[in-house]
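Nothing here was measured: the structure is a model prediction, and the numbers come from that model. Residue numbers start from 1 in every chain, and the chains themselves are labelled A, B, ... in the order their sequence lines are given, proteins ahead of strands. Side-chain atoms are counted along with the backbone in the values below, which use heavy atoms only and exclude waters and symmetry mates.
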Amino acid sequence: MPRAIKSVKGTRDFLPPETRLWSAVEETARRVFDTYGYEEIRTPVLEETDLFVRSVGESTDIVGKEMYTFLDKKGRSLTLRPENTASVVRAFVQHGLANQPLPAKLFYIGPQFRYERPQKGRYRQFHQIGAELIGDPGPETDAELLLMLLRFLGELGFRDLLVQLNTVGDDESRAAYREGLRSFLEPLRQQLGEDSRRRLDSNPLRILDTKSPEERELLKGAPELAEFLSEESRDHFDGLRRALDRFGVAYEIEPRLVRGLDYYTRTVFEIISEGLGAQDAIVGGGRYDGLVAELGGPELPGIGFAIGEDRLIEVLPERFSQAVAASEPVVVIPVGEVPAVEALDLAERLRAEGLAVSAELSGRSVKAALKKADRSGARLAILIGEEELGEGLVTLRDLKAADQSTVPRADLVARVEEIL
RNA sequence: GUGAGCGUAGCUCAAUAGGUAGAGCUCCUGACUGUGGCUCAGGUGGUUGUGGGUUCGAGCCCCAUCGCUCACCCCA
């Protein structure tokens, strides 16, 4: 016997009925995003490796050790996208979208890939629903993006979600802070862990969100970014907070929220959820005012978020999942000597009317067919018997009420719709 | 990449101190020749993740490997 092949580590098959849930979530996203004027963009799963090196950042964990990178047959270095913002910005630049009315508002839904050790809420192929807005620097734009995000999550039944918010300042603020932090930590170098010592050279800001209690203790006397913020960055952050307050958005300032992608500037945010264990962030995002230019485009600001769809579905409120309807509410069953094709014929007529119908074609007994219909969650069974066939009648059986009646075919659609 | 726990039927799990694999659910059939949800009877389904070792004998012990799960790390 040949070896059975299994799905690759960290990847999953999504089977019915769970796939209905995924579709429903994605439809909700499309509907809500549409009300904010966002259009869908689909970018390739495969990109030139350099795209991520330049945008996400060489010193980040994502680029340093989590990418699916390989050489193609011509020796080009390609990478399965570990996130989607870089691709969206690349496409924006490549197609000259800056020449269309700004800001550009784009959303995407699709798989992303990172070579990590899988655990709860973390997969090698995972899925993100994200949105990007390019070409508007104002804090009201940040607020609107967050309002859209929260409206979407609200439509899914989430309540009381708390947005964690911070600002990492503009390039100048960050450069100044980086030096401030470095000169504070340099004397303490020997007390830092191995990772943090390395970051002291490459990216000192990342040390801030360490989880090590000893390092947190050391950091207590560290300078804060707020002290180094440029006036513009401070104004921007204050403007965002005023807007969020006006719309009643619940948020908390999380000064140590830094985020692991290099392209973020100013506004950064996260939403975490209970019930996900250690991987509890369901949304992450922020502003990236230098990224478009970094990727060869014009000097345009941008902001976006990415929702972890796998994690989102893991903690989806029950009232949403329960509202996702069952399939095939009607089953057509041939009785006695009536050929299966008659059941197919009737099913086709009903489908043409827009009804979800399955036909019993396998020749099983009426009894077995009803049993199967019942277990599948069907609401109605239509029995085509020899006795009624000649007179243009069928038997309509309500599987929940357990009663049935004989109805003319002409009235069938109306009767079915009445019951459903 | 590091650590820990776990891999027996499609699913959930059994298998006394190593003695040659079983149940429930699911699925199919029948009791009920054109009528389901209950009950009863029967059937399909496993080289115990894989490879090696110890042993007269391994699902059980040892090693390796793959996978799953959780945590570290990182992030969605």
Side-chain angles (χ1 to χ4, degrees), chain A residues 1 3-12 15 56 60-67 81-85 109-130 193-196 198-199 206 209-212 257-261 268-273 276-285 304-315 331 333-338 360 362-389 394-404 406:
Chain A
M1 261 244 301
R3 176 182 71 93
I5 297 175
K6 291 191 286 191
S7 56
V8 169
K9 179 176 182 141
T11 70
R12 307 182 285 167
L15 306 174
V56 175
T60 62
D61 282 3
I62 292 175
V63 170
K65 49 192 186 190
E66 296 173 1
M67 294 205 302
R81 64 183 183 202
E83 60 105 50
N84 219 329
T85 298
I109 299 173
Q112 320 292 337
F113 304 85
R114 289 182 202 172
Y115 192 89
E116 294 183 273
R117 192 80 163 257
Q119 69 183 69
K120 187 177 180 65
R122 190 167 77 184
Y123 308 98
R124 290 185 170 181
Q125 177 180 331
F126 61 102
H127 303 80
Q128 289 187 332
I129 299 176
E194 188 188 337
D195 287 340
S196 292
R198 185 158 27 78
R199 286 185 183 131
R206 302 275 318 141
D209 61 0
T210 178
K211 284 171 185 167
S212 149
L257 176 62
V258 178
R259 306 202 49 74
L261 287 72
V268 294
F269 54 87
E270 262 183 24
I271 297 178
I272 62 174
S273 169
L276 280 168
Q279 310 302 317
D280 57 359
I282 55 174
V283 182
F305 63 75
I307 303 166
E309 193 175 4
D310 308 74
R311 293 178 185 177
L312 188 69
I313 283 173
E314 180 83 27
V315 294
V331 176
I333 302 169
V335 174
E337 299 304 310
V338 172
E360 182 55 61
S362 66
R364 52 161 64 81
S365 67
V366 171
K367 179 181 162 56
L370 280 169
K371 192 172 186 172
K372 181 180 173 238
D374 183 50
R375 291 196 179 179
S376 76
R379 177 69 201 276
L380 292 171
I382 297 168
L383 300 153
I384 316 176
E386 294 166 292
E387 294 163 19
E388 303 99 317
L389 192 57
V394 294
T395 297
L396 181 61
R397 182 171 180 81
D398 186 327
L399 293 171
K400 282 215 182 69
D403 69 322
Q404 62 186 45
T406 306

Asker: Just how far, in rounded Å, is P of B:rU35 from NZ of A:K400?
Answerer: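 From A:K400 NZ to B:rU35 P: 22 Å.
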Asker: Please compare A:P118 and A:E66 by the position of their nearest nucleotide in RNA chain B and report the one closer to 5'.
Answerer: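 Closest to the 5' end, via its nearest nucleotide, is A:P118.
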Asker: Is a donor-acceptor pair below 3.5 Å formed from side chain A:K367 to base B:rC32, judging by atom type as modelled?
Answerer: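 Under the 3.5 Å cut-off, the side chain and the base do form a donor-acceptor pair.
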Asker: On RNA chain B, compare the nucleotides closest to A:R364 and A:E387; which residue's is nearer the 5' end?
Answerer: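 Nearer the 5' end of the strand: A:R364.
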Asker: When we call it a touch if two heavy atoms are under 4.0 Å apart, what does A:L312 touch: a base, just sugar-phosphate, or nothing?
Answerer: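 No contact.
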Asker: Taking the C1' atom of each, how far is B:rC6 from B:rC60, in whole Å?
Answerer: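 B:rC6 and B:rC60 have their C1' atoms separated by 15 Å.
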Asker: Take atom CD of A:Q119 and atom C1' of B:rG1, then tell me their distance rounded to the nearest Å.
Answerer: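 The distance from CD of A:Q119 to C1' of B:rG1 comes to 13 Å, rounded to the nearest Å.
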Asker: Compare the minimum distances between each of B:rG34, B:rC75, B:rG36 and the side chain of A:K371, then state the nucleotide with the smallest one.
Answerer: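 For A:K371, the side-chain atoms sit closest to B:rG36.
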Asker: Give me the distance, rounded to whole Å, that separates B:rG45 from B:rU2 when you measure between the C1' atoms they each carry.
Answerer: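 After rounding to an integer number of Å, I get 40 Å for this pair.
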Asker: Can you tell me how far C1' of B:rC68 sits from CD of A:E116, to the nearest Å?
Answerer: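 One finds 17 Å between C1' of B:rC68 and CD of A:E116, rounded.
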Asker: Taking B:rC38 as the reference, what is the distance to B:rC25 when you measure between their P atoms (whole Å, please)?
Answerer: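 It works out to 10 Å between them.
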Asker: Find out whether A:L380 and A:L399 are in side-chain contact, i.e. whether some heavy atom of one side chain is under 4.5 Å from a heavy atom of the other.
Answerer: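 No, every pair of side-chain atoms sits at 4.5 Å or beyond.
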Asker: Determine the Euclidean distance between corresponding C1' atoms of B:rC56 and B:rC40; express it in Å to zero decimal places.
Answerer: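 Here B:rC40 and B:rC56 have their C1' atoms 45 Å from each other.
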Asker: Ignoring hydrogens and geometry beyond distance, is the side chain of A:E388 in donor-acceptor contact with the base of B:rG34 at under 3.5 Å?
Answerer: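 Check passes, donor-acceptor contact within cut-off.
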Asker: In whole Å, what is the span from the CZ atom of A:R122 to the C1' atom of B:rC70?
Answerer: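 A:R122 atom CZ is separated from B:rC70 atom C1' by 11 Å.
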Asker: Write down the partner of B:rC13 under the Watson-Crick or G-U wobble criteria, each distance required to be under 3.5 Å.
Answerer: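 Because both required distances fall under 3.5 Å, B:rC13 counts as paired with B:rG22.
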Asker: Test side-chain hydrogen bond (donor to acceptor under 3.5 Å, both in side chains) on A:T406 and A:E388; report intermediate values, then the result.
Answerer: CA-CA 8 Å; A:T406 306; A:E388 303 99 317; 5.0 Å; no
Asker: Give one of base, sugar-phosphate or nothing for A:E386, where a contact means two heavy atoms less than 4.0 Å apart.
Answerer: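 The answer is base, as A:E386 lies within the cut-off (heavy atoms under 4.0 Å) of a base atom.
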Asker: Using a 4.0 Å heavy-atom cut-off across all strands, classify A:G336 as base, sugar-phosphate, or nothing.
Answerer: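 Nothing: the residue A:G336, judged by heavy atoms under 4.0 Å, touches no strand.
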Asker: When the distance from CD1 of A:I282 to C1' of B:rC75 is rounded to whole Å, what number comes out?
Answerer: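 Rounded to whole Å, this separation is 14 Å.
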Asker: Checking only heavy atoms, does the side chain of A:R117 share a donor-acceptor pair with the base of B:rC70 at less than 3.5 Å?
Answerer: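 No pair found.
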Asker: Work out how far the C1' atom of B:rA9 is from that of B:rU47, and round it to whole angstrom.
Answerer: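 Comparing C1' positions in B:rA9 and B:rU47 gives a spacing of 14 Å.
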Asker: Take atom P in B:rG43 and the same atom in B:rG51, then report the distance between them in whole Å.
Answerer: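 My reading of the P atoms in B:rG43 and B:rG51 gives 30 Å.
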Asker: Minimum heavy-atom separation for A:F269 and A:L257, please, with both atom names.
Answerer: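 Looking at all heavy atoms of both residues, the shortest contact is CA-CD2, 3.8 Å.
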Asker: When the P atoms of B:rG46 and B:rG22 are considered, how many whole Å apart are they?
Answerer: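 B:rG46 and B:rG22 have their P atoms separated by 14 Å.
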Asker: May I have the distance from A:L396 (atom CG) to B:rG34 (atom C1'), rounded to whole angstrom?
Answerer: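 A:L396 atom CG is separated from B:rG34 atom C1' by 16 Å.
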Asker: So, are A:E116 and A:R122 salt-bridged, with charged N and O less than 4.0 Å apart?
Answerer: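 Looking at A:E116 and A:R122, the cut-off is met.
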Asker: Of the candidate nucleotides B:rG34, B:rC75, B:rU29, which contains the atom at the shortest distance from the side chain of A:A368?
Answerer: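 Taking heavy atoms from C-beta onward, the closest nucleotide is B:rU29.
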Asker: Would A:R114 and A:F126 count as a cation-pi pair here, with the cationic atom under 6.0 angstrom from the ring centre and within 45° of the axis?
Answerer: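 Judged by the rule (NZ or CZ under 6.0 Å from the ring centre, within 45° of its axis), A:R114 is not positioned above A:F126.
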Asker: Report which part of the nucleic acid A:G130 touches: base, sugar-phosphate, or nothing (heavy-atom distance under 4.0 Å, all strands).
Answerer: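 The answer is nothing, as A:G130 stays clear of every strand by at least 4.0 Å.
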Asker: Does B:rC61 pair with anything, Watson-Crick or G-U wobble, both distances under 3.5 Å, and if so, with which nucleotide?
Answerer: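 B:rG53 - that is the nucleotide pairing with B:rC61, both distances being under 3.5 Å.
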Asker: Distance between the P atoms of B:rA21 and B:rG59, in whole angstroms?
Answerer: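 Per the computed distance, 9 Å lies between those P atoms.
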Asker: Do the side chains of A:R397 and A:D403 get close enough for a salt bridge, i.e. N-O under 4.0 angstrom?
Answerer: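 Salt bridge between A:R397 and A:D403, a charged N being under 4.0 Å from a carboxylate O: no.
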Asker: Just name whichever nucleotide pairs with B:rU69, Watson-Crick or G-U, keeping both distances under 3.5 Å, else none.
Answerer: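 B:rA4 - that is the nucleotide pairing with B:rU69, both distances being under 3.5 Å.
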Asker: Would you mind reading off the distance between A:I307 atom CD1 and B:rC75 atom P, rounded to a whole angstrom?
Answerer: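 One finds 19 Å between P of B:rC75 and CD1 of A:I307, rounded.
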Asker: Please check this pair: side chain of A:R81 against backbone of A:P111, looking for a donor-acceptor N/O pair closer than 3.5 Å.
Answerer: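 Confirmed, A:R81 side chain pairs with A:P111 backbone.
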Asker: Nearest-Å distance, CG (A:L370) to C1' (B:rG34)?
Answerer: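 About 10 Å, once rounded to whole Å.
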Asker: Does B:rU29 pair with anything, Watson-Crick or G-U wobble, both distances under 3.5 Å, and if so, with which nucleotide?
Answerer: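 B:rA41 - that is the nucleotide pairing with B:rU29, both distances being under 3.5 Å.
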Asker: Would you say the side chain of A:Q112 lies within less than 4.5 Å of the side chain of A:N84, judging by non-hydrogen atoms?
Answerer: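 Result yes, sub-4.5 Å side-chain heavy-atom pair found.
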Asker: Would you indicate which nucleotide in B:rU35, B:rC74, B:rC75 comes nearest to any side-chain atom of A:D61?
Answerer: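 Ranking B:rU35, B:rC74, B:rC75 by closest atom to the A:D61 side chain puts B:rC74 first.
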Asker: Mind checking if A:V338 touches a base, just sugar-phosphate, or nothing, with heavy atoms under 4.0 Å?
Answerer: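 Result for A:V338 = nothing.
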Asker: Using a 4.0 Å heavy-atom cut-off across all strands, classify A:G10 as base, sugar-phosphate, or nothing.
Answerer: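 The residue A:G10 makes sugar-phosphate contact but no base contact.
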Asker: Taking any heavy-atom pair under 4.0 Å as a contact, classify A:F113: base, sugar-phosphate, or nothing.
Answerer: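 The residue A:F113 makes no contact with any strand.
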Asker: Base, sugar-phosphate, or nothing for A:A306, non-hydrogen atoms under 4.0 angstrom?
Answerer: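 It contacts sugar-phosphate atoms only.
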Asker: Between B:rG36, B:rG34, B:rC75, spot the one nearest the side chain of A:T395, thanks.
Answerer: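 The listed nucleotide nearest to A:T395's side chain is B:rG34.
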Asker: So, is A:K9 close to the B:rG67 phosphate, meaning a side-chain N or O under 4.0 Å from OP1 or OP2?
Answerer: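 Indeed, a polar side-chain atom of A:K9 lies that close.
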Asker: For the side chain of A:K372, counting heavy atoms from C-beta on, which of B:rC28, B:rC75, B:rC74 is nearest?
Answerer: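 When the side chain of A:K372 is considered, B:rC28 is the closest of B:rC28, B:rC75, B:rC74.
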